[in-house]
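Please read the structure below before turning to the comments.
Below, each value reflects all heavy atoms present in this structure, side chains not excepted, and no hydrogens, waters or symmetry copies. Per chain, numbering begins at 1; letters A, B, ... match sequence-line order.
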Number of protein chains: 2
Amino acid sequence: MNTDRSVESPHFPQVGHDHARCQSWILQRAEVRCRQEGMRFIPQRREVLEILATSHRSLGAYDILERMQARARRPPPAAVYRSLEFLLGLGLIHRMAGRNTYFACTRSDHDQQIQFWICRHCGMVGETESPVVAGEWQRLSDSLGFRVSSVNVEIEGECITCRNP
Amino acid sequence: MNTDRSVESPHFPQVGHDHARCQSWILQRAEVRCRQEGMRFIPQRREVLEILATSHRSLGAYDILERMQARARRPPPAAVYRSLEFLLGLGLIHRMAGRNTYFACTRSDHDQQIQFWICRHCGMVGETESPVVAGEWQRLSDSLGFRVSSVNVEIEGECITCRNP
DNA sequence: CAAATATTGATACATTATATCGTTTCACTT
DNA sequence: AAGTGAAACGATATAATGTATCAATATTTG
Ligand SMILES: [Zn+2]
Ligand SMILES: [Zn+2]
Ligand SMILES: [Zn+2]
Ligand SMILES: [Zn+2]
């Protein structure tokens, strides 16, 4: 497997990038991680991840269903949700709560908490990890006496490509 | 109207606080803001806000429906969503995207972007505004070439009350 | 009052997600 | 190779959340 982290830079997907490289990186990592965790990367799960990996856009569960229908036969919704849950559990995909959509993670690891950047125009999703923000959550949670379990940050706007057409 | 901002401090709702004060503050502010904006604070909208203001917990649209049913007659779902949309538009309530719930805002104004702190145990919601985080979003968006339209931050965990039972 | 506007109620429907359960497949052992 | 138990699947139904439409009613404006 390609172990360098250059897939992570730049952080927001650019127009001309070599996306075939992203795709193979995403799928190879999934295989490795499944093996490490003793989980099975079986065809239905793989197919869901392949569909998400076709772009850096996020897709709804029923969008994925339709694409599976176009490839073979349409599975029941629960099948897609089962695969999504599996992939979420391994950290291979993320869920955008504000849009009820899912997308393939392109970061090699999440050392820090993550932030999602979603372009309203093209639907692309970028990921960042900010130590400054992580430190500020720490400071605030201390001051509130709050024990943090999970943090979800979704930033919507317009990406650099869509701003310069 | 009570114009001091002491309702905002502390930022996470405490057990023994004078919640009747919160309630009247929320409703009086709604009246003032509606008048300022030339909007009508009619009974159905008021009822939805009253229901949300009964606690600092967030409620789903159908929870609100049930409480309206208990008070008078059950309106159709769209009626509740219409009132919620109105209140969201005036910034009098917020929506938790991760939970599909709504709660009454208790900050006098949102100068900065806001963060939501949700206790998984008791369901209470607190609000903070961090200039440090706002600055970091600015720095990151500059570096990504991203024009930000909206930011949603939802932090889940356990509040100080639920940690010390 | 009359016309224009805003709001409501009623009905139907769309979208997203989960529950249940019997069957099949897979990995592993004997 | 056959047996065994766990994991995954398909099929079906249903829950939960959110919208669309449109005629009827209420409110504001002139
Ligand atoms: Zn790519
Ligand atoms: Zn874009
Ligand atoms: Zn209160
Ligand atoms: Zn709590």
* Excluding sequence neighbours, so at least two apart, what forms side-chain contact (heavy atoms from CB on, under 4.5 Å) with A:Q69? -> A:R74

* Structure fact -> Sorted by number, residues from residues 72-86 of chain B placing a heavy atom under 4.0 Å from DNA chain C are B:P76, B:R82

* Given salt bridge (charged side-chain N to carboxylate O under 4.0 Å, His left out), test B:E47 with B:R67 step by step and report yes or no. => CA-CA 10 Å; B:E47 194 180 1; B:R67 284 165 214 230; over 6 Å; no

* Which ILVMFWY residues can you reach from B:F116 by hopping between side chains whose heavy atoms are under 4.5 Å apart? -> B:M96, B:F103, B:I114, B:I118, B:V125

* Going by the side-chain hydrogen bond (donor to acceptor under 3.5 Å, both in side chains) test, which pairs reach into residues 78-89 of chain A, not counting sequence neighbours? -> none

* **Residue pairs passing the side-chain hydrogen bond (donor to acceptor under 3.5 Å, both in side chains) test where at least one lies in residues 90-100 of chain B, sequence neighbours excluded** => B:H94-B:H110, B:H94-B:E127, B:R95-B:N100, B:R95-B:Y102, B:R99-B:E156

* Is B:R33 salt-bridged to B:E37, cutoff N-O under 4.0 Å? -> no

* **Between C1' of D:dT28 and CZ of B:R35, the distance in whole Å** => 18 Å

* Structure fact -> Nearest heavy-atom approach of B:Q113 to B:A134 is OE1-CA, 3.8 Å

* Just to confirm, is there a sub-4.0 Å distance from OP1 or OP2 of D:dG18 to any side-chain nitrogen or oxygen of B:N100? -> yes

* Asked: Which part of the nucleic acid does A:R95 contact within heavy-atom distance under 4.0 Å: base, sugar-phosphate only, or nothing?
  -> sugar-phosphate

* Asked: Quick one, which residues of residues 38-70 of chain A touch DNA chain D with a heavy atom under 4.0 Å?
  -> A:R40, A:I42, A:Q44, A:R45

* Counting only N and O atoms by type, is there a donor-acceptor contact under 3.5 Å from the side chain of A:E154 to the main-chain atoms of A:A97? -> yes

